[in-house]
S.K.: 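Would you mind keeping the following structure in view while I ask a few things?
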Amino acid sequence: MKAGMKRTKYCGEVTKDDCGKKITLMGWVQKRRDLGGLVFLDLRDRAGICQIVFNPETDPETHALAQKVKAEYCIAIKGEVVLRPEDMRNKTMNTGDVEILAEEIHILNEAKTLPFVLSEEVEVGEALKLQYRYLDLRKPGLQNNIILRHKAAQCVRTYLNDAGFIEVETPMLTKSTPEGARDYLVPSRIFPGHFFALPQSPQLFKQLLMISGFDRYYQIVKCFRDEDLRADRQPEFTQIDLETSFLEMDEILDITEGLIVDMFKETIGVDMKQPFLRMSYDEAMSSYGADKPDIRFDMKLFDISDIVAKTDFGVFSSTVANGGVIKAMNVKAPAELSRKDLDSFGVFVATFGAKGVMWAKISDTGWQSSFAKFLSDDQKKKIEERLSIKPGDTMLVIAGKKEMVNASLGALRLHVAEKLSLIPENTYAPLWVIGFPLLEWNEDEKRFVAVHHPFTAPAIEDIDLLSTDPAKVKAQAYDMVINGQEVGGGSVRIHSRDLQKKVFDVIGLGEEEAKYKFGFLLEALEYGAPPHGGLAFGFDRLVALLTGAKSLRDVIAFPKTQKAACPLTQAPSSVDDAQLAELGIKVLDKYKN
RNA sequence: GGGGGCGUAGUUAAGUUGGUUAUAACGCCGGCCUGUCACGCCGGAGGUCGCGAGUUCGAGUCUCGUCGCUCCCGCCA
């Protein structure tokens with residue numbers, strides 16, 4: 001680069017007000033349009049795109065150089081900002097009223113032909129995009145997602161700083177914890193055969209910070225879980241983690257929902273109404289078949305077991321007799337469901353274990369349905385009333401075990417809504433789900449496991465139930481849900497050693513084991529631990545909501561594939577035997593290369 | 001661990017019932033072009049049909065296996 005050359009402006013920020021000024025831009029060539037005489041270059045940087053004109057009459061040497069430039073060359077240009085001729089203005093470009101009359105061009109670096117075209121229109125294969133992530137990240141769409149992510153993080157810091165929170169870092173090399181997800185392990189060289197674990201969350205450390213008296217802690221922090229991935233799950237992801245002392249649940253909810261309201265306002269200008277709706281877990285499960293209901297649209301689930309229990313229709317009567325349920329939802333007219341659609345729903349729910357989807361189309365002339373003949377007029381009328389069915393509506397029904405019915409009908413609700421475009425766009429429907437059970441029975445392990453995590457406080461009035469009927473104990477836990485996505489969750493924690501021990505007992509964590517795994521926490525609770533509680537948001541998921549990204553990959557600079565690999569760096573990779581020897585590790589032969 | 005979808009030129013896709021030299025667009029290379037902005041016009045190069053077996057006179061197409069990407073179930077306190 002020519003000595004002393006300095007960028008004076010971003011491409012995307014050149015405006016009419018700059019006309020007459022000499023400016024210097026540096027960026028990448030988006031496009032060259034060579035008319036033989038005149039050459040136009042679209043120059044791009046992180047702020048946007050600006051058109052540069054090269055006229056052979058201005059400077060033949062500069063013009064000749066511009067003809068050599070190709071897509072994605074990194075260049076610097078110097079020239080005068082001029083207003084474009086009246087009929088040559090580009091209304092679709094932010095900088096479309098002006099252009100730069102180039103006087104100098106410097107090729108800072110040439111570029112090979114890219115492995116794919118940088119266009120928002122062309123969908124390139126995921127593996128290739130990730131292999132050349134640094135090129136894919138040049139696309140304005142992806143780049144803007146990352147920039148918005150930065151703004152969202154700034155919001156978090158501003159809001160929490162103002163609310164008196166202190167940012168504290170916690171260790172990445174820590175102790176493997178049972179309960180919960182599979183850990184990513186890191187071998188210790190100094191203690192061969194021993195391993196650190198990367199944190200699934202800073203849970204225990206933030207509780208210790210409360211015991212230390214920091215009172216309000218937060219951290220924007222990486223967490224790691226070695227489980228199979230989904231579009232909304234990456235093996236390493238970022239949490240907005242926070243914890244407070246001396247606050248009750250309502251106060252924690254107030255503070256944290258204020259954070260989300262601020263974030264949506266500051267980043268995308270969306271106003272969310274406060275306070276957020278609070279829905280019980282039981283209501284969420286029964287009406288939406290999910291603990292993360294999407295309440296942007298209605299189409300609730302209704303239990304009709306009581307109405308149809310006594311019919312000659314075997315599917316209904318035997319389901320109820322065997323302790324199952326029959327639930328239905330009403331797809332309101334004018335939504336049209338073809339026979340093909342209805343058949344496809346059966347395939348859709350099969351993966352959730354449902355035998356099939358029954359349906360009834362209700363019109364002025366009556367019910368069209370495989371089971372209508374088994375129902376009395378009175379039963380039909382009761383169903384119509386419960387589901388607010390009007391002529392033209394279609395009812396979908398699934399029968400079976402309660403959990404399976406909720407899972408399949410809840411998923412079908414989302415599937416149908418998507419298919420029929422019943423979900424309003426650019427709408428954000430936040431709510432709190434509260435009143436989760438503290439424990440659930442795990443059939444595989446034949447023991448109770450914590451629904452949230454084992455440090456969650458039970459509802460005070462349920463503490464006695466711990467020893468008599470653990471399944472009935474409610475937790476002081478809460479999840480924030482936006483548009484059917486769980487974006488955050490937390491709880492009031494146990495701050496008494498005795499209660500903590502009791503919960504460990506109930507989940508079958510013996511004294512010895514508890515001491516080995518969590519002894520440090522149990523002991524810490526004995527030194528004046530304050531009442532405390534907190535929450536963690538899934539930052540990536542929040543940014544995905546803010547940007548409308550369909551996958552978390554689109555809001556993470558360097559994400560992993562669904563198999564948790566990185567095509568860019570080729571991680572994970574094998575390592576030298578010497579490196580392994582130092583760690584006291586031997587790889588099984590079947591895994592070598 | 002299980003189920004679905006995809007894999008053809010650098011990229012995105014088409015490719016019929018298994019049958020001649022595997023198409024198109026964009027990109028790339030060469031030429032022309034002074035108001036383009038999806039610039040235009042003329043010409044050209046470019047293929048391990050993911051990989052490996054099998055069936056067949058003959059496989060991009062059928063079968064089996066395998067790898068990769070993706071969506072979902074299980075899993076993810």
Side-chain angles (χ1 to χ4, degrees), chain A residues 30-42 49-58 63 67 70-72 84-93 95-96 99 101 112-119 121-132 135 177-183 200-201 203-204 223-235 237 344 347-354 404 407-408 411 414-415 436-440 442 444 448-456 475 477 479 486 489-491 503 507 509 536 538 550-551 553 560-563 565 567:
Chain A
Q30 175 76 24
K31 189 83 194 175
R32 184 190 65 188
R33 289 178 296 278
D34 187 344
L35 274 57
L38 288 178
V39 174
F40 295 93
L41 289 188
D42 289 340
I49 290 173
C50 184
Q51 176 168 281
I52 322 293
V53 199
F54 296 83
N55 192 322
E57 289 155 22
T58 312
H63 175 263
Q67 285 188 306
K70 291 175 205 168
E72 299 306 316
R84 295 198 198 177
E86 191 79 48
D87 48 344
M88 303 301 160
R89 293 181 192 165
N90 187 336
K91 298 289 173 234
T92 63
M93 262 173 106
T95 60
E99 60 192 1
L101 207 51
K112 293 202 292 188
T113 301
L114 266 50
F116 51 85
V117 195
L118 298 191
S119 157
E121 270 77 54
V122 183
E123 297 248 346
V124 182
E126 205 63 37
L128 191 68
K129 278 199 298 188
L130 290 181
Q131 185 187 344
Y132 294 97
L135 297 179
T177 54
E179 305 286 311
R182 202 174 288 121
D183 287 316
Q200 297 175 27
S201 85
Q203 182 60 35
L204 295 171
C223 302
F224 307 84
R225 292 177 191 176
D226 187 6
E227 295 292 346
D228 289 343
L229 308 184
R230 294 284 188 282
D232 63 350
R233 267 197 243 157
Q234 280 274 312
F237 60 101
S344 75
V347 177
F348 177 81
V349 299
T351 152
F352 297 90
M404 182 280 289
S408 48
L414 298 174
H415 180 72
F436 284 86
L438 184 72
L439 306 161
E440 71 186 344
N442 183 307
D444 291 341
F448 281 100
V449 296
V451 169
H452 188 58
H453 58 52
F455 319 108
T456 298
D479 276 0
E486 183 199 325
S491 60
V503 169
I507 63 172
L509 201 62
K550 291 217 162 48
S551 163
R553 288 188 299 276
K560 306 253 185 310
T561 66
Q562 196 172 41
K563 293 188 82 180

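Chain letters run A, B, ... following the sequence lines, proteins first, then strands; residues in each count from 1.
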S.K.: Find the partner of B:rC76: check Watson-Crick (N1-N3 plus N6-O4 or O6-N4) and G-U wobble (N1-O2, O6-N3) distances, both under 3.5 Å, and reply none if neither fits.
M.R.: none
S.K.: Under 4.0 Å, counting only non-hydrogen atoms across every strand here, what does A:Ser119 touch: a base, just sugar-phosphate, or nothing?
M.R.: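 Here A:Ser119 touches no strand at all.
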S.K.: Evaluate the side-chain proximity of A:Leu438 to A:Phe448: yes if any heavy-atom separation is below 4.5 Å, no if none is.
M.R.: no
S.K.: Distance check needed: B:rG74 C1' versus A:Gln562 CD, whole Å only.
M.R.: 13 Å
S.K.: Can a donor-acceptor pair under 3.5 Å be found between the side-chain atoms of A:Arg225 and the base atoms of B:rC76?
M.R.: no
S.K.: Check A:Cys50 against A:Thr95 and note the closest heavy-atom contact, atom names and distance.
M.R.: CA-OG1, 3.6 Å
S.K.: With sequence neighbours left out, write down each residue that passes salt bridge (charged side-chain N to carboxylate O under 4.0 Å, His left out) with A:Arg89, or none if nothing qualifies.
M.R.: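 With neighbours one apart ignored, the set is A:Glu86.
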S.K.: Using whole Å, report how far CD of A:Glu227 lies from P of B:rG2.
M.R.: 17 Å
S.K.: For the P atoms, the ones on B:rA53 and on B:rC6, what distance do you get once it is rounded to whole angstrom?
M.R.: 24 Å
S.K.: Heavy-atom nearest nucleotide on RNA chain B for A:Ala565 versus A:Met93: which residue maps closer to 5'?
M.R.: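 The 5'-side residue here is A:Met93.
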S.K.: Going by modelled atom types, is there a donor-acceptor pair between the base of B:rC75 and the side chain of A:Arg233 at under 3.5 Å?
M.R.: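 It does, because a donor-acceptor pair links the side chain of A:Arg233 to the base of B:rC75 below 3.5 Å.
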S.K.: Roughly how far apart, to the nearest Å, are B:rG31 and B:rA13 at atom P?
M.R.: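 Pairwise P distance, B:rG31 against B:rA13, rounds to 33 Å.
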S.K.: Between B:rC39 and A:Lys31, is there an OP1 or OP2 to side-chain N/O distance shorter than 4.0 Å?
M.R.: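 So the side chain of A:Lys31 is within the cut-off, an N or O lying under 4.0 Å from OP1 or OP2 of B:rC39.
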S.K.: Return the nucleotide paired to B:rC32: Watson-Crick means purine N1 to pyrimidine N3 with N6-O4 or O6-N4, wobble means G-U with N1-O2 and O6-N3, both under 3.5 Å.
M.R.: B:rG40
S.K.: Could you measure the distance from the NZ atom of A:Lys129 to the CG atom of A:Leu135? Nearest 0.5 Å is fine.
M.R.: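 These two atoms lie 13.0 Å from each other.
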S.K.: What's the spacing between A:Glu227 CD and A:Asp183 CG if we round to 0.5 Å?
M.R.: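 Rounded to the nearest 0.5 Å, the CD-CG separation comes to 9.5 Å.
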S.K.: Using atom P in both nucleotides, what's the gap between B:rG50 and B:rG15 to the nearest angstrom?
M.R.: 15 Å
S.K.: Starting at atom CD of A:Glu72, determine the distance to atom P of B:rC28, rounded to an integer number of angstrom.
M.R.: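 Result: 11 Å.
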S.K.: Look through every strand shown and name the nucleotide pairing with B:rG18 as Watson-Crick or G-U wobble, where both distances are under 3.5 Å.
M.R.: none
S.K.: Treating A:Glu99 as the side-chain partner and A:Val53 as the backbone partner, does any N or O pair qualify as donor plus acceptor under 3.5 Å?
M.R.: no
S.K.: How far does the P atom of B:rC64 sit from the matching atom of B:rU70, given to the nearest Å?
M.R.: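 To the nearest whole Å, 25 Å.
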S.K.: Does any nucleotide pair with B:rG54 by Watson-Crick or G-U wobble geometry, both distances under 3.5 Å, and what is it?
M.R.: B:rC62
S.K.: Measure the distance from CG on A:Asp183 to C1' on B:rC76 and round it to the nearest whole Å.
M.R.: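 It is 12 Å, rounded to the nearest whole Å.
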S.K.: When you compare B:rC62 with B:rC49, how far apart are their C1' atoms, in angstrom units rounded to a whole number?
M.R.: 15 Å
S.K.: Give one of base, sugar-phosphate or nothing for A:Arg32, where a contact means two heavy atoms less than 4.0 Å apart.
M.R.: nothing
S.K.: Has the side chain of A:Arg233 got a donor or acceptor atom that lies under 3.5 Å from a matching backbone atom of A:Asp228?
M.R.: yes
S.K.: Which part of the nucleic acid, if any, lies within reach of A:Arg230 when heavy atoms closer than 4.0 Å are counted: base, sugar-phosphate only, or nothing?
M.R.: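 The answer is base, as A:Arg230 lies within the cut-off (heavy atoms under 4.0 Å) of a base atom.
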S.K.: Does A:Asp228 contact B:rC75 through a side-chain donor or acceptor facing the base, at a distance under 3.5 Å?
M.R.: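 A donor-acceptor contact between them is absent.
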S.K.: For the pair made of CG in A:Leu414 and P in B:rC71, what is the distance, rounded to whole Å?
M.R.: 17 Å
S.K.: Output yes when A:Asp42 and A:Arg33 qualify as a salt bridge under the 4.0 Å nitrogen-oxygen rule, no when they do not.
M.R.: yes
S.K.: Nearest 0.5 Å, please: how far is CD in A:Glu72 from NZ in A:Lys31?
M.R.: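 Rounded to the nearest 0.5 Å, the NZ-CD separation comes out at 11.0 Å.
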S.K.: Say we look at B:rG35 and B:rC41: how far apart would their P atoms be, to the nearest angstrom?
M.R.: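 It comes out at 16 Å once rounded to the nearest Å.
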S.K.: Quick one: does A:Val122's side chain get under 4.5 Å of A:Phe116's, heavy atoms only?
M.R.: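 No, side chains not in contact.
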S.K.: Can you tell me how far P of B:rC75 sits from CZ of A:Phe352, to the nearest Å?
M.R.: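 Roughly 13 Å, once rounded to whole Å.
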S.K.: Applying a 3.5 Å limit to both distances, which nucleotide forms a Watson-Crick or G-U wobble pair with B:rC6?
M.R.: B:rG68
S.K.: Which nucleotide, in any strand shown, forms a Watson-Crick or G-U wobble pair with B:rG46, with both distances under 3.5 Å?
M.R.: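 By the stated definition (distances under 3.5 Å), nothing pairs with B:rG46.
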S.K.: Could you measure between the two P atoms, the one in B:rU8 and the one in B:rC69, and give it in whole Å?
M.R.: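 That atom pair is separated by 15 Å.
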S.K.: Quick one: are A:Arg553 and A:Thr561 in side-chain contact, heavy atoms under 4.5 Å?
M.R.: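 Not in contact.
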S.K.: What contact category does A:Val449 fall into here, base, sugar-phosphate, or nothing, at under 4.0 angstrom with non-hydrogen atoms?
M.R.: nothing
S.K.: Work out which heavy atom in A:Val449 is nearest to a heavy atom in A:Asn442; give both atom names and the distance.
M.R.: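 What the structure gives for the nearest pair is CG1-CB, 4.0 Å.
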S.K.: So, OP1 or OP2 of B:rC69: does either fall under 4.0 Å of a side-chain N or O from A:Thr561?
M.R.: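 Checking A:Thr561 against B:rC69: at least one side-chain N or O falls below 4.0 Å of OP1 or OP2.
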S.K.: So, is A:Lys70 near the phosphate of B:rC29, with a side-chain N or O under 4.0 Å from OP1 or OP2?
M.R.: yes
S.K.: Can you tell me how far C1' of B:rU70 sits from CD of A:Gln234, to the nearest Å?
M.R.: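 Result: 13 Å.
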S.K.: Determine the interplanar angle of the A:His415 and A:Phe348 rings, folded into 0 to 90°, and report it as parallel if under 30°, tilted if 30 to 60°, perpendicular if over 60°.
M.R.: parallel
S.K.: To the nearest angstrom, how far is A:Arg182 atom CZ from B:rG74 atom P?
M.R.: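 Spelled out: CZ on A:Arg182 to P on B:rG74 is 15 Å.
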S.K.: Rounding to the closest angstrom, what is the interatomic distance between B:rG4 and B:rG19 at atom P?
M.R.: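 Going atom to atom, P in each nucleotide, I get 27 Å.
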S.K.: Nearest-nucleotide wise, let me know which of A:Asp42 and A:Leu130 is further upstream toward the 5' end of RNA chain B.
M.R.: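 Looking at RNA chain B, the more 5' nearest nucleotide goes with A:Asp42.
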S.K.: Mark up nucleotides 31-36 of chain B, 5' to 3', with B wherever a protein heavy atom is under 4.0 angstrom from a base atom, S wherever such an atom reaches only the sugar-phosphate, and - elsewhere.
M.R.: --BBBB
S.K.: Go along nucleotides 6-14 of chain B 5' to 3' and tag each nucleotide: B for a protein heavy atom under 4.0 Å from its base, S when only backbone or sugar atoms are that close, - otherwise.
M.R.: ----SSS--
S.K.: Categorize A:Glu126 for me: base, sugar-phosphate, or nothing, with a 4.0 angstrom heavy-atom threshold over every strand shown.
M.R.: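 Result for A:Glu126 = sugar-phosphate.
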